[in-house]
Amino acid sequence: MKKILGTLVLFLAFTLNASAQDKAFKKVDAAVEAKKNVTEMAEYLRLNSEDVENFLRLFEHKFRLLNENISDERKTELARIIDLKIRATLTPAQMEKLDKNPELLKKLTH
């Protein structure tokens, strides 16, 4: 009887713990959020259609990874990699303009 009760208590404890973790993390629609990022970036930097398509894939990948509830260290590394890919793709003039808007740059990378 004690073993059954103990097993039930452990089962409930793990169930509640898992449920609490799921509620704290909110998944987003990767395609919708990526489209928002690309639209804002394209309007600000006047990107061509090829760049828009490339950045759309990059941002979709970013949001798919963020939906996996990764650790803070991995989020920081992801933001660094996204920043490097943006810098590698844009022209120096576009990057200079984007650097002048740190809020947008942070939104795009994080």
Side-chain angles (χ1 to χ4, degrees):
M1 185 67 175
K2 288 181 184 179
K3 289 182 181 181
I4 294 173
L5 184 59
T7 305
L8 180 62
V9 168
L10 286 175
F11 175 73
L12 291 175
F14 286 119
T15 303
L16 291 175
N17 188 21
S19 176
Q21 289 177 357
D22 288 344
K23 290 179 184 175
F25 178 71
K26 182 180 175 186
K27 290 187 176 186
V28 296
D29 185 352
V32 171
E33 294 300 318
K35 184 72 173 169
K36 286 179 188 177
N37 277 2
V38 167
T39 302
E40 197 169 346
M41 184 180 188
E43 288 175 358
Y44 186 71
L45 297 175
R46 307 275 189 244
L47 299 176
N48 62 38
S49 61
E50 183 179 335
D51 286 340
V52 168
E53 186 177 316
N54 291 333
F55 282 118
L56 183 62
R57 284 195 305 269
L58 175 67
F59 295 140
E60 282 179 355
H61 179 69
K62 174 184 83 169
F63 284 110
R64 279 195 305 270
L65 287 175
L66 290 174
N67 275 340
E68 293 176 9
N69 197 12
I70 59 178
S71 68
D72 289 339
E73 294 168 348
R74 287 192 62 201
K75 286 179 185 177
T76 302
E77 183 64 17
L78 177 63
R80 187 183 72 79
I81 290 169
I82 298 293
D83 183 64
L84 290 173
K85 288 185 178 188
I86 290 172
R87 290 180 187 282
T89 305
L90 295 177
T91 65
Q94 289 172 322
M95 199 58 229
E96 183 178 331
K97 185 175 180 181
L98 188 58
D99 281 334
K100 290 180 182 177
N101 189 346
E103 294 170 4
L104 177 59
L105 183 58
K106 184 174 182 177
K107 183 177 180 180
L108 297 173
T109 58
H110 289 83

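The distance from the CG atom of L66 to the CD atom of E33 is 10.5 Å, given to the nearest 0.5 Å. With rounding to the nearest 0.5 Å, the separation of NE2 in H61 from CD1 in I81 is 8.0 Å. Considering CZ of F55 and OG1 of T89, their distance stands at 4.5 Å, rounded to 0.5 Å. Separating the CG atom in L45 from the OG1 atom in T91 is a distance of 8.0 Å, to the nearest 0.5 Å. The distance from the NZ atom of K75 to the CG atom of L65 is 11.5 Å, given to the nearest 0.5 Å.
Among residue pairs with one or both ends in residues 76-89, those qualifying as salt bridge (Lys or Arg N to Asp or Glu O under 4.0 Å) are E77-R80, D83-R87, R87-D99; sequence neighbours excluded. Residue pairs meeting the side chain to side chain donor-acceptor pair (under 3.5 Å) criterion with at least one partner in residues 101-110, sequence neighbours excluded, are E40-K107. For residues 49-60, every residue pair satisfying the side chain to side chain donor-acceptor pair (under 3.5 Å) rule, not counting sequence neighbours, is listed here: E53-R57, N54-R57.
Put simply, the side chain of N67 gets close to the backbone of V28: a donor and an acceptor are under 3.5 Å apart.
In plain terms, the two heavy atoms of I82 and L108 that are nearest each other are CG2-O, 3.7 Å.
Following chains of ILVMFWY side-chain contacts shorter than 4.5 Å, one can reach F59 starting from L105, so the two form part of one hydrophobic cluster. When hydrophobic clusters are built by joining Ile, Leu, Val, Met, Phe, Trp and Tyr residues whose side-chain heavy atoms come closer than 4.5 Å, directly or via intermediates, L78 is not grouped with L84.
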Give the C-alpha distance, both sets of side-chain angles, the deciding distance and a yes or no for side chain to side chain contact (heavy atoms under 4.5 Å, CB included) between L47 and L90.
CA-CA 9 Å; L47 299 176; L90 295 177; 3.7 Å; yes
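Between K27 and N69, the closest side-chain pair of non-hydrogen atoms is not below 4.5 Å.
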